[in-house]
Protein chains: 2
Amino acid sequence: MNTREKILATALRLFNEQGIDVITIRHIAKEMGISHSNIQYYFPNADEIIATIYVNHIEELNELPIFMADETHKPAALKNSIIAVLEHIYQYRFIYIHFVVIARRMPELKKVYAQRFKIRRTQFLQLFEDYRKQGIVRADIPAPVWENLIRSLYIIGDFWISANELTTGLKGKKAVTYYAGLLQDLFYPYLTKKGQQWVA
Amino acid sequence: MNTREKILATALRLFNEQGIDVITIRHIAKEMGISHSNIQYYFPNADEIIATIYVNHIEELNELPIFMADETHKPAALKNSIIAVLEHIYQYRFIYIHFVVIARRMPELKKVYAQRFKIRRTQFLQLFEDYRKQGIVRADIPAPVWENLIRSLYIIGDFWISANELTTGLKGKKAVTYYAGLLQDLFYPYLTKKGQQWVA
DNA sequence: TTTTTGTTAGTACATTTGTACTAAAATAAC
DNA sequence: GTTATTTTAGTACAAATGTACTAACAAAAA
(Lines give C-alpha, C1' and ligand atoms only; values in the text may rest on other atoms or scores of the structure.)
Protein backbone atom coordinates (compact mmCIF):
# COMPACT_ATOMS: atom_id res chain seq x y z
CA MET A 1 0.00 0.00 0.00
CA ASN A 2 1.55 3.29 -1.11
CA THR A 3 1.33 6.58 0.75
CA ARG A 4 -1.73 7.78 -1.10
CA GLU A 5 -3.65 4.61 -0.29
CA LYS A 6 -2.49 4.74 3.33
CA ILE A 7 -3.77 8.28 3.60
CA LEU A 8 -7.18 7.24 2.26
CA ALA A 9 -7.35 4.25 4.58
CA THR A 10 -6.33 6.24 7.65
CA ALA A 11 -8.67 9.09 6.78
CA LEU A 12 -11.57 6.68 6.33
CA ARG A 13 -10.93 5.13 9.73
CA LEU A 14 -10.62 8.46 11.53
CA PHE A 15 -13.65 9.94 9.77
CA ASN A 16 -15.70 6.89 10.73
CA GLU A 17 -14.52 7.01 14.32
CA GLN A 18 -14.70 10.72 15.00
CA GLY A 19 -16.37 12.56 12.12
CA ILE A 20 -15.26 14.98 9.45
CA ASP A 21 -15.95 17.97 11.70
CA VAL A 22 -13.09 17.16 14.06
CA ILE A 23 -10.56 15.37 11.85
CA THR A 24 -8.12 17.58 9.93
CA ILE A 25 -5.21 16.85 7.63
CA ARG A 26 -2.91 17.36 10.59
CA HIS A 27 -4.73 14.68 12.60
CA ILE A 28 -4.41 12.20 9.78
CA ALA A 29 -0.72 13.00 9.39
CA LYS A 30 -0.05 12.60 13.11
CA GLU A 31 -1.91 9.28 13.16
CA MET A 32 0.22 8.08 10.24
CA GLY A 33 3.46 9.45 11.65
CA ILE A 34 4.16 11.60 8.59
CA SER A 35 4.19 15.33 8.01
CA HIS A 36 1.02 17.16 7.08
CA SER A 37 2.85 18.59 4.10
CA ASN A 38 3.23 15.07 2.83
CA ILE A 39 -0.52 14.60 2.78
CA GLN A 40 -0.87 17.97 1.17
CA TYR A 41 1.35 16.68 -1.62
CA TYR A 42 -1.33 14.13 -2.53
CA PHE A 43 -4.45 16.02 -1.49
CA PRO A 44 -4.58 19.82 -1.41
CA ASN A 45 -7.13 19.73 1.41
CA ALA A 46 -9.35 17.43 3.45
CA ASP A 47 -12.32 17.91 1.14
CA GLU A 48 -10.36 16.29 -1.68
CA ILE A 49 -9.82 13.25 0.51
CA ILE A 50 -13.51 13.08 1.34
CA ALA A 51 -14.48 13.43 -2.31
CA THR A 52 -12.08 10.67 -3.33
CA ILE A 53 -13.40 8.31 -0.67
CA TYR A 54 -16.97 9.14 -1.64
CA VAL A 55 -16.42 8.39 -5.32
CA ASN A 56 -14.63 5.16 -4.44
CA HIS A 57 -17.58 4.11 -2.34
CA ILE A 58 -20.17 4.85 -4.99
CA GLU A 59 -18.10 2.97 -7.55
CA GLU A 60 -17.90 -0.04 -5.26
CA LEU A 61 -21.66 0.06 -4.81
CA ASN A 62 -22.20 0.27 -8.55
CA GLU A 63 -19.96 -2.75 -9.04
CA LEU A 64 -22.13 -4.93 -6.82
CA PRO A 65 -24.17 -7.46 -8.80
CA ILE A 66 -27.66 -6.18 -9.52
CA PHE A 67 -30.35 -8.27 -7.98
CA MET A 68 -32.87 -9.50 -10.52
CA ALA A 69 -36.12 -11.21 -9.75
CA ASP A 70 -35.90 -14.12 -12.13
CA GLU A 71 -37.13 -17.56 -11.07
CA THR A 72 -33.71 -18.90 -10.23
CA HIS A 73 -33.33 -16.43 -7.40
CA LYS A 74 -34.35 -17.43 -3.94
CA PRO A 75 -35.57 -14.87 -1.42
CA ALA A 76 -32.36 -15.45 0.53
CA ALA A 77 -30.57 -13.92 -2.46
CA LEU A 78 -32.59 -10.73 -2.04
CA LYS A 79 -31.73 -10.49 1.62
CA ASN A 80 -28.07 -11.20 0.91
CA SER A 81 -28.17 -8.51 -1.72
CA ILE A 82 -29.51 -6.02 0.82
CA ILE A 83 -26.91 -7.09 3.37
CA ALA A 84 -24.08 -6.66 0.86
CA VAL A 85 -25.11 -3.06 0.22
CA LEU A 86 -25.52 -2.27 3.91
CA GLU A 87 -22.10 -3.73 4.66
CA HIS A 88 -20.51 -1.38 2.16
CA ILE A 89 -22.43 1.53 3.61
CA TYR A 90 -21.29 0.59 7.09
CA GLN A 91 -17.65 0.60 5.98
CA TYR A 92 -18.11 4.15 4.71
CA ARG A 93 -20.51 5.23 7.41
CA PHE A 94 -19.04 8.69 7.94
CA ILE A 95 -20.30 9.67 4.50
CA TYR A 96 -23.89 8.99 5.53
CA ILE A 97 -23.55 10.78 8.83
CA HIS A 98 -22.24 13.93 7.15
CA PHE A 99 -24.13 13.48 3.90
CA VAL A 100 -25.74 16.89 3.69
CA VAL A 101 -22.69 18.84 4.83
CA ILE A 102 -20.51 17.00 2.30
CA ALA A 103 -23.02 17.65 -0.47
CA ARG A 104 -23.19 21.32 0.47
CA ARG A 105 -19.45 21.72 0.37
CA MET A 106 -19.05 19.72 -2.84
CA PRO A 107 -22.21 20.10 -4.91
CA GLU A 108 -20.68 18.11 -7.77
CA LEU A 109 -21.00 14.97 -5.63
CA LYS A 110 -24.76 15.36 -5.63
CA LYS A 111 -24.76 14.50 -9.31
CA VAL A 112 -23.05 11.18 -8.65
CA TYR A 113 -25.68 10.48 -6.04
CA ALA A 114 -28.62 11.55 -8.23
CA GLN A 115 -27.34 9.45 -11.10
CA ARG A 116 -27.19 6.33 -8.95
CA PHE A 117 -30.67 6.99 -7.58
CA LYS A 118 -32.13 7.27 -11.06
CA ILE A 119 -30.67 3.94 -12.18
CA ARG A 120 -31.63 2.17 -8.97
CA ARG A 121 -35.18 3.53 -9.13
CA THR A 122 -35.72 1.91 -12.51
CA GLN A 123 -34.23 -1.34 -11.27
CA PHE A 124 -36.54 -1.34 -8.26
CA LEU A 125 -39.61 -0.70 -10.38
CA GLN A 126 -38.56 -3.56 -12.66
CA LEU A 127 -38.07 -5.81 -9.65
CA PHE A 128 -41.53 -5.01 -8.29
CA GLU A 129 -43.02 -5.61 -11.73
CA ASP A 130 -41.32 -9.01 -11.95
CA TYR A 131 -42.52 -9.93 -8.47
CA ARG A 132 -46.04 -8.92 -9.42
CA LYS A 133 -45.97 -11.14 -12.48
CA GLN A 134 -44.83 -14.05 -10.34
CA GLY A 135 -47.65 -13.39 -7.91
CA ILE A 136 -45.23 -12.65 -5.10
CA VAL A 137 -46.45 -9.12 -4.48
CA ARG A 138 -49.96 -7.72 -4.65
CA ALA A 139 -51.40 -6.45 -7.91
CA ASP A 140 -53.74 -3.94 -6.25
CA ILE A 141 -51.08 -1.41 -5.21
CA PRO A 142 -51.27 1.93 -7.05
CA ALA A 143 -48.15 3.03 -8.91
CA PRO A 144 -47.49 6.14 -6.76
CA VAL A 145 -47.36 3.91 -3.68
CA TRP A 146 -44.59 1.89 -5.31
CA GLU A 147 -42.79 5.10 -6.19
CA ASN A 148 -43.02 6.33 -2.63
CA LEU A 149 -41.92 2.95 -1.31
CA ILE A 150 -38.70 3.31 -3.30
CA ARG A 151 -38.15 6.78 -1.87
CA SER A 152 -38.73 5.45 1.62
CA LEU A 153 -36.34 2.56 1.04
CA TYR A 154 -33.75 5.06 -0.08
CA ILE A 155 -34.19 7.33 2.92
CA ILE A 156 -33.81 4.39 5.28
CA GLY A 157 -30.91 3.03 3.23
CA ASP A 158 -29.10 6.33 3.48
CA PHE A 159 -29.86 7.17 7.09
CA TRP A 160 -30.05 3.93 9.02
CA ILE A 161 -26.45 4.61 9.99
CA SER A 162 -27.44 7.87 11.63
CA ALA A 163 -30.59 6.44 13.20
CA ASN A 164 -28.55 3.59 14.63
CA GLU A 165 -26.12 5.94 16.30
CA LEU A 166 -28.97 8.01 17.76
CA THR A 167 -30.90 5.09 19.20
CA THR A 168 -30.03 1.43 19.04
CA GLY A 169 -26.26 1.89 18.86
CA LEU A 170 -25.57 -1.48 17.25
CA LYS A 171 -22.06 -2.17 15.97
CA GLY A 172 -20.83 -3.81 12.80
CA LYS A 173 -22.55 -6.98 11.66
CA LYS A 174 -25.30 -6.62 14.25
CA ALA A 175 -26.27 -3.22 12.90
CA VAL A 176 -26.23 -4.47 9.33
CA THR A 177 -28.39 -7.47 10.16
CA TYR A 178 -30.89 -5.44 12.14
CA TYR A 179 -31.46 -2.81 9.48
CA ALA A 180 -31.51 -5.38 6.68
CA GLY A 181 -34.40 -6.92 8.59
CA LEU A 182 -36.04 -3.54 8.90
CA LEU A 183 -35.85 -2.99 5.16
CA GLN A 184 -37.12 -6.47 4.46
CA ASP A 185 -40.11 -5.99 6.74
CA LEU A 186 -41.06 -2.89 4.78
CA PHE A 187 -41.97 -5.32 1.98
CA TYR A 188 -44.07 -7.58 4.15
CA PRO A 189 -47.49 -5.97 3.70
CA TYR A 190 -46.99 -5.90 -0.07
CA LEU A 191 -46.57 -9.66 -0.26
CA THR A 192 -49.31 -12.00 -1.39
CA LYS A 193 -49.92 -15.23 0.51
CA LYS A 194 -47.70 -16.91 -2.03
CA GLY A 195 -45.11 -14.22 -1.47
CA GLN A 196 -45.22 -14.73 2.28
CA GLN A 197 -44.51 -18.43 1.86
CA TRP A 198 -41.79 -17.57 -0.63
CA VAL A 199 -39.84 -15.45 1.85
CA ALA A 200 -40.61 -17.57 4.88
CA MET B 1 -38.50 40.19 22.00
CA ASN B 2 -35.55 40.55 24.36
CA THR B 3 -31.91 40.03 23.46
CA ARG B 4 -31.87 36.40 24.49
CA GLU B 5 -34.86 35.58 22.32
CA LYS B 6 -33.42 37.55 19.43
CA ILE B 7 -30.21 35.55 19.69
CA LEU B 8 -32.14 32.29 19.57
CA ALA B 9 -34.23 33.45 16.61
CA THR B 10 -31.23 34.69 14.65
CA ALA B 11 -29.20 31.60 15.45
CA LEU B 12 -32.05 29.36 14.32
CA ARG B 13 -32.32 31.20 11.03
CA LEU B 14 -28.58 31.13 10.33
CA PHE B 15 -28.24 27.49 11.36
CA ASN B 16 -31.11 26.57 9.05
CA GLU B 17 -29.68 28.57 6.18
CA GLN B 18 -26.02 27.64 6.47
CA GLY B 19 -25.48 24.89 9.03
CA ILE B 20 -23.90 24.65 12.44
CA ASP B 21 -20.50 23.84 10.96
CA VAL B 22 -20.05 27.32 9.49
CA ILE B 23 -22.02 29.56 11.86
CA THR B 24 -20.20 30.81 14.95
CA ILE B 25 -21.15 33.13 17.77
CA ARG B 26 -19.36 35.90 15.94
CA HIS B 27 -21.49 35.37 12.83
CA ILE B 28 -24.67 35.56 14.85
CA ALA B 29 -23.45 38.71 16.59
CA LYS B 30 -22.53 40.37 13.31
CA GLU B 31 -25.91 39.47 11.80
CA MET B 32 -27.63 41.02 14.84
CA GLY B 33 -25.40 44.07 14.93
CA ILE B 34 -24.26 43.43 18.49
CA SER B 35 -20.96 42.37 20.00
CA HIS B 36 -20.06 38.73 20.32
CA SER B 37 -19.38 39.34 24.01
CA ASN B 38 -23.02 40.23 24.38
CA ILE B 39 -24.07 36.84 23.10
CA GLN B 40 -21.50 35.26 25.34
CA TYR B 41 -23.25 36.95 28.26
CA TYR B 42 -26.34 34.83 27.58
CA PHE B 43 -24.74 31.72 26.12
CA PRO B 44 -21.17 30.69 27.00
CA ASN B 45 -20.75 29.04 23.59
CA ALA B 46 -22.60 28.05 20.43
CA ASP B 47 -23.36 24.56 21.72
CA GLU B 48 -25.46 26.07 24.50
CA ILE B 49 -27.52 27.89 21.88
CA ILE B 50 -27.99 24.68 19.92
CA ALA B 51 -28.98 22.76 23.03
CA THR B 52 -31.50 25.44 24.01
CA ILE B 53 -33.07 25.47 20.56
CA TYR B 54 -33.16 21.67 20.54
CA VAL B 55 -34.95 21.44 23.88
CA ASN B 56 -37.40 24.15 22.82
CA HIS B 57 -38.18 22.17 19.69
CA ILE B 58 -38.75 18.90 21.49
CA GLU B 59 -41.00 20.65 24.01
CA GLU B 60 -43.04 22.17 21.20
CA LEU B 61 -43.40 18.74 19.63
CA ASN B 62 -44.49 17.24 22.92
CA GLU B 63 -47.10 19.97 23.31
CA LEU B 64 -48.78 19.05 20.04
CA PRO B 65 -52.11 17.27 20.58
CA ILE B 66 -51.71 13.52 20.46
CA PHE B 67 -53.64 11.94 17.66
CA MET B 68 -55.99 9.24 18.87
CA ALA B 69 -57.87 6.80 16.72
CA ASP B 70 -61.33 7.15 18.22
CA GLU B 71 -64.37 7.12 15.98
CA THR B 72 -64.82 10.86 15.96
CA HIS B 73 -61.55 11.32 14.13
CA LYS B 74 -61.54 11.53 10.39
CA PRO B 75 -58.53 10.37 8.34
CA ALA B 76 -57.93 14.00 7.42
CA ALA B 77 -57.14 14.53 11.10
CA LEU B 78 -54.38 11.94 10.89
CA LYS B 79 -52.85 13.61 7.88
CA ASN B 80 -53.12 17.04 9.50
CA SER B 81 -51.47 15.60 12.56
CA ILE B 82 -48.55 14.38 10.44
CA ILE B 83 -48.32 17.72 8.67
CA ALA B 84 -48.26 19.62 11.96
CA VAL B 85 -45.27 17.58 13.14
CA LEU B 86 -43.43 17.94 9.85
CA GLU B 87 -44.00 21.69 9.87
CA HIS B 88 -42.35 21.95 13.27
CA ILE B 89 -39.47 19.81 12.06
CA TYR B 90 -39.05 21.99 9.01
CA GLN B 91 -38.81 25.10 11.18
CA TYR B 92 -35.98 23.46 13.10
CA ARG B 93 -34.50 21.64 10.15
CA PHE B 94 -30.86 22.30 11.00
CA ILE B 95 -31.24 20.00 14.00
CA TYR B 96 -32.12 17.08 11.75
CA ILE B 97 -29.34 17.79 9.31
CA HIS B 98 -26.73 17.81 12.07
CA PHE B 99 -28.48 15.33 14.32
CA VAL B 100 -25.60 12.91 14.87
CA VAL B 101 -22.94 15.58 15.30
CA ILE B 102 -25.13 17.41 17.82
CA ALA B 103 -25.79 14.21 19.73
CA ARG B 104 -22.08 13.39 19.77
CA ARG B 105 -21.14 16.77 21.14
CA MET B 106 -23.98 16.81 23.68
CA PRO B 107 -24.79 13.24 24.67
CA GLU B 108 -27.33 14.44 27.24
CA LEU B 109 -29.63 15.46 24.38
CA LYS B 110 -29.86 11.84 23.30
CA LYS B 111 -31.83 11.11 26.44
CA VAL B 112 -34.44 13.72 25.53
CA TYR B 113 -34.70 12.09 22.13
CA ALA B 114 -34.86 8.54 23.46
CA GLN B 115 -37.53 9.51 25.97
CA ARG B 116 -39.73 10.98 23.26
CA PHE B 117 -39.25 7.92 21.08
CA LYS B 118 -40.33 5.61 23.88
CA ILE B 119 -43.54 7.52 24.51
CA ARG B 120 -44.35 7.88 20.82
CA ARG B 121 -43.72 4.20 20.18
CA THR B 122 -46.38 3.22 22.69
CA GLN B 123 -48.78 5.75 21.20
CA PHE B 124 -48.21 4.36 17.73
CA LEU B 125 -48.79 0.78 18.85
CA GLN B 126 -51.99 1.91 20.54
CA LEU B 127 -53.06 3.69 17.37
CA PHE B 128 -52.47 0.59 15.25
CA GLU B 129 -54.37 -1.51 17.75
CA ASP B 130 -57.34 0.86 17.63
CA TYR B 131 -57.29 0.86 13.85
CA ARG B 132 -57.22 -2.90 13.84
CA LYS B 133 -60.27 -3.07 16.12
CA GLN B 134 -62.09 -0.73 13.77
CA GLY B 135 -61.17 -2.93 10.84
CA ILE B 136 -59.20 -0.13 9.21
CA VAL B 137 -55.90 -1.99 9.17
CA ARG B 138 -55.21 -5.65 8.56
CA ALA B 139 -55.28 -8.16 11.40
CA ASP B 140 -52.79 -10.55 9.78
CA ILE B 141 -49.66 -8.43 10.33
CA PRO B 142 -47.16 -9.92 12.80
CA ALA B 143 -46.22 -7.74 15.77
CA PRO B 144 -42.52 -7.38 14.81
CA VAL B 145 -43.60 -5.92 11.48
CA TRP B 146 -45.56 -3.22 13.32
CA GLU B 147 -42.54 -2.58 15.51
CA ASN B 148 -40.30 -2.19 12.49
CA LEU B 149 -42.85 0.02 10.78
CA ILE B 150 -42.62 2.43 13.70
CA ARG B 151 -38.83 2.44 13.45
CA SER B 152 -39.06 3.11 9.74
CA LEU B 153 -41.55 5.92 10.28
CA TYR B 154 -39.16 7.44 12.76
CA ILE B 155 -36.16 7.22 10.46
CA ILE B 156 -38.10 8.89 7.68
CA GLY B 157 -39.55 11.41 10.11
CA ASP B 158 -36.09 12.34 11.31
CA PHE B 159 -34.28 12.35 7.99
CA TRP B 160 -36.73 13.47 5.32
CA ILE B 161 -35.20 16.92 5.76
CA SER B 162 -31.78 15.60 4.76
CA ALA B 163 -33.14 13.42 1.97
CA ASN B 164 -35.03 16.39 0.58
CA GLU B 165 -31.89 18.51 0.43
CA LEU B 166 -29.97 15.70 -1.26
CA THR B 167 -32.55 14.98 -3.93
CA THR B 168 -35.90 16.66 -4.43
CA GLY B 169 -34.90 20.03 -2.97
CA LEU B 170 -38.44 21.11 -2.15
CA LYS B 171 -38.92 24.23 -0.05
CA GLY B 172 -41.29 24.98 2.82
CA LYS B 173 -44.87 23.88 2.51
CA LYS B 174 -44.17 21.88 -0.64
CA ALA B 175 -41.57 19.77 1.15
CA VAL B 176 -43.87 19.21 4.11
CA THR B 177 -46.77 18.15 1.90
CA TYR B 178 -44.65 15.81 -0.18
CA TYR B 179 -43.12 13.96 2.75
CA ALA B 180 -46.40 13.85 4.63
CA GLY B 181 -47.72 12.01 1.59
CA LEU B 182 -44.72 9.71 1.64
CA LEU B 183 -45.37 8.81 5.26
CA GLN B 184 -49.05 8.33 4.61
CA ASP B 185 -48.37 5.99 1.70
CA LEU B 186 -46.26 3.83 3.99
CA PHE B 187 -49.55 2.90 5.64
CA TYR B 188 -51.32 2.05 2.42
CA PRO B 189 -50.53 -1.68 2.16
CA TYR B 190 -51.57 -2.17 5.77
CA LEU B 191 -55.08 -0.89 5.12
CA THR B 192 -58.08 -3.17 4.69
CA LYS B 193 -60.58 -2.43 1.94
CA LYS B 194 -62.60 -0.60 4.54
CA GLY B 195 -59.49 1.28 5.53
CA GLN B 196 -58.79 2.28 1.94
CA GLN B 197 -62.27 3.75 1.63
CA TRP B 198 -61.80 5.46 4.97
CA VAL B 199 -58.71 7.35 3.87
CA ALA B 200 -59.84 7.95 0.29
C1' DT C 1 27.88 10.20 -12.51
C1' DT C 2 25.08 13.82 -13.10
C1' DT C 3 20.69 15.54 -13.69
C1' DT C 4 16.04 15.53 -13.27
C1' DT C 5 11.82 14.27 -11.19
C1' DG C 6 9.12 12.75 -7.40
C1' DT C 7 8.48 12.54 -2.42
C1' DT C 8 8.83 14.06 2.36
C1' DA C 9 9.71 17.35 6.14
C1' DG C 10 10.02 21.76 8.23
C1' DT C 11 8.81 26.41 8.81
C1' DA C 12 6.13 30.46 8.52
C1' DC C 13 2.05 33.28 8.35
C1' DA C 14 -2.65 35.03 8.08
C1' DT C 15 -7.17 33.86 9.65
C1' DT C 16 -10.52 32.09 12.60
C1' DT C 17 -12.28 30.69 16.85
C1' DG C 18 -13.07 30.06 21.80
C1' DT C 19 -12.36 32.25 25.89
C1' DA C 20 -11.13 35.54 29.40
C1' DC C 21 -10.94 40.01 31.11
C1' DT C 22 -11.99 44.95 31.72
C1' DA C 23 -14.64 48.93 31.15
C1' DA C 24 -18.50 51.52 29.71
C1' DA C 25 -23.39 52.12 29.42
C1' DA C 26 -28.03 51.29 30.74
C1' DT C 27 -31.35 49.93 33.97
C1' DA C 28 -33.15 48.98 38.51
C1' DA C 29 -33.04 49.47 43.52
C1' DC C 30 -32.50 52.16 47.37
C1' DG D 1 -29.82 61.31 43.38
C1' DT D 2 -26.90 57.80 44.52
C1' DT D 3 -25.76 53.11 44.52
C1' DA D 4 -26.12 48.38 42.74
C1' DT D 5 -27.02 45.37 39.26
C1' DT D 6 -27.56 44.04 34.69
C1' DT D 7 -26.35 44.44 30.08
C1' DT D 8 -23.29 45.59 26.30
C1' DA D 9 -18.85 46.56 23.97
C1' DG D 10 -14.01 46.33 23.33
C1' DT D 11 -9.67 44.20 23.65
C1' DA D 12 -6.45 40.61 24.15
C1' DC D 13 -4.53 36.06 23.67
C1' DA D 14 -3.69 31.20 22.91
C1' DA D 15 -4.78 27.36 19.98
C1' DA D 16 -5.97 25.43 15.65
C1' DT D 17 -6.25 25.49 10.79
C1' DG D 18 -5.49 26.21 5.78
C1' DT D 19 -2.06 27.46 2.87
C1' DA D 20 2.29 28.72 0.88
C1' DC D 21 7.05 28.22 0.53
C1' DT D 22 11.68 26.23 0.90
C1' DA D 23 14.82 22.64 1.63
C1' DA D 24 16.20 17.99 2.15
C1' DC D 25 16.04 13.47 0.51
C1' DA D 26 15.16 9.52 -2.57
C1' DA D 27 14.41 7.50 -6.95
C1' DA D 28 14.63 7.46 -11.78
C1' DA D 29 16.50 9.09 -16.14
C1' DA D 30 20.12 10.88 -18.82
Side-chain angles (χ1 to χ4, degrees), chain A residues 1-56 94-95 97-98 100-109, chain B residues 1-56 94-95 97-98 100-109:
Chain A
M1 199 158 54
N2 58 30
T3 305
R4 193 187 135 93
E5 284 167 348
K6 275 186 206 161
I7 292 169
L8 290 174
T10 308
L12 175 59
R13 182 165 55 80
L14 292 181
F15 286 151
N16 279 340
E17 287 170 2
Q18 304 183 50
I20 65 170
D21 51 323
V22 291
I23 295 299
T24 67
I25 282 193
R26 280 175 161 91
H27 289 126
I28 301 168
K30 194 169 190 182
E31 178 78 13
M32 294 176 66
I34 66 176
S35 68
H36 70 273
S37 332
N38 198 359
I39 292 185
Q40 208 187 349
Y41 176 74
Y42 293 97
F43 301 97
N45 50 54
D47 277 0
E48 280 299 312
I49 300 179
I50 293 171
T52 305
I53 294 176
Y54 179 81
V55 172
N56 286 350
F94 87 89
I95 292 173
I97 283 172
H98 304 281
V100 174
V101 171
I102 291 173
R104 280 179 182 172
R105 293 217 293 246
M106 294 166 279
E108 67 275 14
L109 296 185
Chain B
M1 197 159 56
N2 60 29
T3 304
R4 194 186 133 95
E5 285 167 348
K6 275 185 206 161
I7 292 169
L8 291 173
T10 308
L12 175 59
R13 182 165 57 78
L14 292 180
F15 285 151
N16 279 341
E17 286 171 2
Q18 304 184 50
I20 65 170
D21 50 323
V22 291
I23 295 300
T24 67
I25 281 193
R26 279 175 162 91
H27 290 127
I28 301 168
K30 194 168 189 182
E31 178 78 14
M32 294 176 67
I34 65 175
S35 68
H36 70 273
S37 332
N38 197 0
I39 293 185
Q40 208 187 350
Y41 176 74
Y42 293 96
F43 301 97
N45 52 52
D47 277 359
E48 280 299 312
I49 300 180
I50 293 171
T52 304
I53 293 176
Y54 180 81
V55 172
N56 286 350
F94 87 89
I95 292 173
I97 283 172
H98 304 281
V100 174
V101 171
I102 290 173
R104 280 180 182 170
R105 292 220 294 249
M106 293 168 279
E108 68 275 14
L109 296 186

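Here is how names work: the chains are called A, B, and so on, in the same order as the sequence lines, proteins then strands, and each is numbered from 1.
- The side chain of A:Y41 places an N or O atom within less than 4.0 Å of a non-bridging phosphate oxygen (OP1 or OP2) of C:dT7.
- Considering only side-chain N and O atoms, A:Y42 lies under 4.0 angstrom from the phosphate OP1 or OP2 of C:dT8.
- With D:dT17, C:dA20, C:dG18 as the choices, the nucleotide that has an atom nearest any side-chain atom of B:H36 turns out to be C:dA20.
- Contact check for A:T3 versus A:I7: side-chain heavy atoms found under the 4.5 Å cut-off.
- For B:T3, no side-chain nitrogen or oxygen approaches OP1 or OP2 of D:dT7 to under 4.0 Å.
- Taking atom CE of residue A:M32 and atom C1' of nucleotide C:dA9, one finds them 14 Å apart after rounding to whole Å.
- Whole-Å rounding puts the B:K6 NZ to D:dT7 P distance at 14 Å.
- Here the P atom of nucleotide C:dT17 and the CD1 atom of B:I23 are 9 Å apart, to the nearest Å.
- Considering only heavy atoms from C-beta on, A:V101 stays 4.5 Å or farther from A:D21 through its side chain.
- Side-chain atoms of A:H98 do not come within 3.5 Å of backbone N or O of A:G19 as any donor-acceptor pair.
- Considering only heavy atoms from C-beta on, B:I39 stays 4.5 Å or farther from B:H36 through its side chain.
- Residue contacts shown for B:S37 include a base, since a base heavy atom lies under 4.0 Å away.
- Distance A:Q40 CD to D:dT17 C1': 11 Å, rounded to the nearest Å.
- In this structure, A:I25 places its CD1 atom 8 Å from P of D:dT19, rounding to the nearest Å.
- One atom, CD1 of B:I34, and another, P of C:dA25, lie 18 Å apart when rounded to the nearest Å.
- Rounded to whole Å, the distance from CZ on B:F43 to C1' on D:dT7 is 14 Å.
- Closest contact between the side chain of B:R26 and the listed nucleotides D:dA20, D:dT17, D:dA12 involves D:dA12.
- A donor-acceptor pair under 3.5 Å links the side-chain atoms of B:N45 to the main chain of B:E48, judged by distance alone.
- Close to C:dA9, at under 4.0 Å from its OP1 or OP2, lies a side-chain N or O of A:N38.
- Following rounding to the nearest Å, A:N2 (CG) and D:dA26 (P) show an atom-to-atom distance of 19 Å.
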